[in-house]
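In what follows, residues are counted from 1 in the order of the sequence shown. If you're wondering where the values come from, they're calculated on a predicted model, not measured in any experiment. Only heavy atoms go into these numbers, but all of them, side chains included; no hydrogens, no water, no symmetry mates.
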Amino acid sequence: MFKHLLSAPSRPGRVLILGGKGFISTELRCLLAEAGIVTVSVGSQEVNLLAADAQARLAAFIQPDDAVVMTSALTPDKGRDVATFMKNLTM
């Protein structure tokens, strides 16, 4: 169960979007920009979330007041099998 730790809603300093080059993240960036919220998109070119060094590479992008949104996933064209499903879970 999630517990909300803030007494009132607050705007993030910025939003870090993982999977930042995909169609969902593109739309999300537009919506956040309309709301005046700064975004940083991180795609697989910057951080391969399946790589052994993903955590260290990702840490270089994250700032303390960031909100992180995960839109990264392997799409069905990459496979419709257990292996692809497991890679998505790993990310």
With ILVMFWY side chains joined below 4.5 Å, transitively, what does F23's cluster contain besides itself?
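ILVMFWY cluster around F23 also holds I24.
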So, for E46 and S41, which heavy atoms are closest and what is the spacing to 0.1 Å?
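Residues E46 and S41, closest heavy atoms: OE1-O, 4.5 Å.
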Any idea which heavy atoms bring K21 and S25 closest together, and the distance?
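For K21 versus S25, the nearest heavy atoms are N-OG, 3.6 Å.
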At what distance, to the nearest 0.5 angstrom, does CG of L16 lie from CE of M70?
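Atom-to-atom, L16:CG and M70:CE are 11.0 Å apart.
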CG-CD distance between L49 and Q55, expressed to the nearest 0.5 angstrom:
11.5 Å
D77 meets the side-chain hydrogen bond (donor to acceptor under 3.5 Å, both in side chains) criterion, sequence neighbours left out, with T75
What residues form a side chain to side chain contact (heavy atoms under 4.5 Å, CB included) with L32, not counting sequence neighbours?
V15, I17, L28, I37, T39
Considering residues at least two apart in sequence or located in another chain, which fulfil the side chain to side chain contact (heavy atoms under 4.5 Å, CB included) criterion with A33?
none
With hydrophobic residues grouped by side-chain heavy-atom distances under 4.5 Å, do V47 and L50 end up in a single group?
yes
Heavy-atom distance under 4.5 Å between the side chains of V69 and L18, does that happen here?
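Answer no - side chains too far apart.
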Name all pairs fulfilling the salt bridge (charged side-chain N to carboxylate O under 4.0 Å, His left out) condition that reach into residues 24-37, sequence neighbours left out, sorted by first residue then second.
none
Would you tabulate the side-chain donor-acceptor contacts of residues 81-89 under 3.5 Å, counting partners in other chains and residues two or more places apart, or write 'none'?
residue : atom : partner : partner atom : Å
D81     : OD1  : T84     : N            : 2.9
D81     : OD1  : T84     : OG1          : 2.7
N88     : OD1  : L74     : N            : 2.5
N88     : ND2  : L74     : O            : 3.2

Show me the donor-acceptor pairs, under 3.5 Å and distance only, between side chains in residues 60-67 and residues at least two apart or in other chains.
residue : atom : partner : partner atom : Å
D66     : OD1  : R14     : NE           : 2.7
D66     : OD2  : R14     : NE           : 3.2
D66     : OD2  : R14     : NH2          : 3.1
D66     : OD2  : Q63     : N            : 2.8

Would you say CD of Q45 has more than 12 non-hydrogen atoms from neighbouring residues, nucleotides or ligands within 6.0 angstrom?
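Yes, enclosed.
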